[in-house]
Protein chains: 2
Amino acid sequence: MKPTDAELEILHVLWANGPSTVRQVHDNLSQNRDIGYTTALKLMQIMYEKGLLSREEDGRSHTYTAVVTEEDTQRNLVDRFVETAFRGSASKLVMQVLGQHKASREELDEIKTLLNNLNRDLLD
Amino acid sequence: MKPTDAELEILHVLWANGPSTVRQVHDNLSQNRDIGYTTALKLMQIMYEKGLLSREEDGRSHTYTAVVTEEDTQRNLVDRFVETAFRGSASKLVMQVLGQHKASREELDEIKTLLNNLNRDLLD
DNA sequence: AATGATATACGAAGTTTTTCGTAGATGCAA
DNA sequence: TTGCATCTACGAAAAACTTCGTATATCATT
């Protein structure tokens, strides 16, 4: 259920570009790093067997689609990450991230709005 | 440099309890899961070779100390995680975490304070 | 001195993840 | 129709991580 790092790379391509062939995914990945065509193929076949991807015959090749959504996957990954890296303390993670990374004013405002809503919930 | 999951477990024990023997670390880990004594020993030896831990003879046994701090390690882990899971978007991670996890009012207030400071910085 | 408990070191098996070579099928162009 | 490009399937090597058995040394107790 938890995608590995290599699997995550492929999911990101599919989430960004929609259903794609192995060739398309490989072309995309190749821009960032060295990876053989059959490596990408094999990974996608494994992911298909695991149920992470679906696929459809498309002439001589296959078109693959992500079965899991980006949001669901990220939710799972965050859960694990909070556990293993922060021993369950989500707010510690948030503090760490906010202190460490730049964000635009729009993003900060968005976060503040979310925080206000959370605060209101708590007060009820 | 990046600790594996098993290594992270051991680091957490050392961060929480300070310098410890293999026995102490193993006793601690055993509370949460099945793990052989020699497994813990081996892991700590490997971590020593990697430079993640230092150690000191203490009679017949060794006392191990974390070389890396919890903060530095978490900073590294967060960087990687933002990259692999959120393709670099730290604020997306924050939103996801805040929406997903419960936090106490104190924690939320703390985060808001931090946010206000960040906002002020941006406005200058 | 013998025994039992406990320590390290070492090697290696077991798992999971990543990578790719090779074989065989199919399409296309000369 | 021959040959080149491109696809899948398959197997298996390579790498990274986890686990533990066994040998050996040392300490404490009888």
Side-chain angles (χ1 to χ4, degrees), chain A residues 1-14 19-65 68 73 76-77 80-81 83-85, chain B residues 1-14 19-65 68 73 76-77 80-81 83-85:
Chain A
M1 188 93 303
K2 181 198 180 186
T4 66
D5 281 357
E7 288 171 347
L8 209 44
E9 282 186 323
I10 286 172
L11 285 173
H12 277 301
V13 174
L14 292 176
S20 311
T21 62
V22 174
R23 172 68 49 195
Q24 291 169 322
V25 169
H26 176 256
D27 284 352
N28 190 308
L29 292 182
S30 297
Q31 293 168 10
N32 300 318
R33 70 175 183 103
D34 254 8
I35 179 176
Y37 176 83
T38 54
T39 302
L41 169 68
K42 181 66 167 185
L43 276 170
M44 291 172 76
Q45 284 172 340
I46 291 173
M47 292 170 77
Y48 170 66
E49 285 160 21
K50 287 186 185 176
L52 286 172
L53 307 183
S54 66
R55 73 183 188 186
E56 190 190 340
E57 296 253 358
D58 181 15
R60 176 164 61 116
S61 75
H62 289 132
T63 295
Y64 288 82
T65 306
V68 292
T73 304
N76 276 327
L77 291 173
R80 283 171 196 275
F81 185 66
E83 265 328 301
T84 61
Chain B
M1 188 94 303
K2 181 197 181 187
T4 66
D5 282 357
E7 289 172 346
L8 210 44
E9 282 186 323
I10 287 172
L11 284 173
H12 277 301
V13 174
L14 293 176
S20 311
T21 62
V22 174
R23 173 67 50 193
Q24 291 170 322
V25 169
H26 177 256
D27 283 352
N28 190 308
L29 292 182
S30 297
Q31 292 168 10
N32 300 319
R33 71 175 182 102
D34 255 8
I35 179 176
Y37 175 84
T38 53
T39 302
L41 169 68
K42 182 67 166 186
L43 277 170
M44 291 172 76
Q45 285 173 340
I46 291 172
M47 293 170 77
Y48 169 66
E49 284 158 23
K50 286 186 186 175
L52 285 173
L53 307 183
S54 64
R55 73 183 188 185
E56 189 191 341
E57 296 253 359
D58 181 16
R60 176 164 61 116
S61 76
H62 289 132
T63 295
Y64 287 82
T65 307
V68 291
T73 304
N76 276 325
L77 291 173
R80 283 171 195 276
F81 185 66
E83 264 329 301
T84 62

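All figures in this text were calculated on a predicted structure; none of them were measured in a lab. Within every chain, numbering begins at 1; the chains are lettered A, B, ... in the order of the sequence lines, protein sequences first and strands thereafter. Both backbone and side-chain heavy atoms feed into the values below; hydrogens, waters and symmetry mates do not.
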Problem set entry | By ring-ring contact (aromatic ring centres under 6.0 Å, His included) - contacts of H62(A) (at least two apart) | none

Exercise. OP1 or OP2 of dA9(C) less than 4.0 angstrom from a side-chain nitrogen or oxygen of R55(B), does that happen here?
Worked result: yes

For this session: Without swapping roles, check the side chain of E7(A) against the backbone of T4(A) for a donor-acceptor pair under 3.5 Å.
Result: yes

Problem set entry | Close approaches to DNA chain C from residues 34-47 of chain B, in residue order (heavy atom, under 4.0 Å) | Y37(B), T38(B), L41(B), K42(B), Q45(B)

Exercise. Can you check side chain to side chain contact (heavy atoms under 4.5 Å, CB included) on V25(B) and T21(B), steps first, answer last?
Worked result: CA-CA 6 Å; V25(B) 169; T21(B) 62; over 6 Å; no

For this session: Dump the intermediate steps for side chain to side chain contact (heavy atoms under 4.5 Å, CB included) on L77(A) and L8(A), then the final yes or no.
Result: CA-CA 10 Å; L77(A) 291 173; L8(A) 209 44; 3.7 Å; yes

Identify each donor-acceptor pair in which a side-chain atom of residues 27-39 of chain B lies under 3.5 Å from a protein atom, sequence neighbours left out, and give them as a table.
residue : atom : partner : partner atom : Å
S30(B)  : OG   : H26(B)  : O            : 2.7
S30(B)  : OG   : H26(B)  : NE2          : 3.3
R33(B)  : NE   : E9(B)   : OE1          : 3.1
R33(B)  : NE   : E9(B)   : OE2          : 3.2
R33(B)  : NH2  : E9(B)   : OE1          : 2.9

Seminar exercise, completed: Applying side chain to side chain donor-acceptor pair (under 3.5 Å) to Q45(B) and not counting sequence neighbours gives none

Problem set entry | Where T73(A) and P3(A) come nearest, the two heavy atoms and their spacing | CG2-CG, 3.9 Å

Nucleotide N/O to protein N/O under 3.5 Å, stretch nucleotides 27-30 of chain D:
none

Problem set entry | Candidate nucleotides dA9(D), dA7(C), dT17(C), ranked by approach to the side chain of H62(A) - the nearest | dA9(D)

Problem set entry | From dT18(C), dT8(D), dT18(D), nucleotide with atom closest to A6(A) side chain | dT18(C)

Identify each donor-acceptor pair in which a side-chain atom of residues 51-58 of chain B lies under 3.5 Å from a protein atom, sequence neighbours left out, and give them as a table.
residue : atom : partner : partner atom : Å
R55(B)  : NH1  : Y64(B)  : OH           : 3.0
D58(B)  : OD2  : T63(B)  : OG1          : 3.2

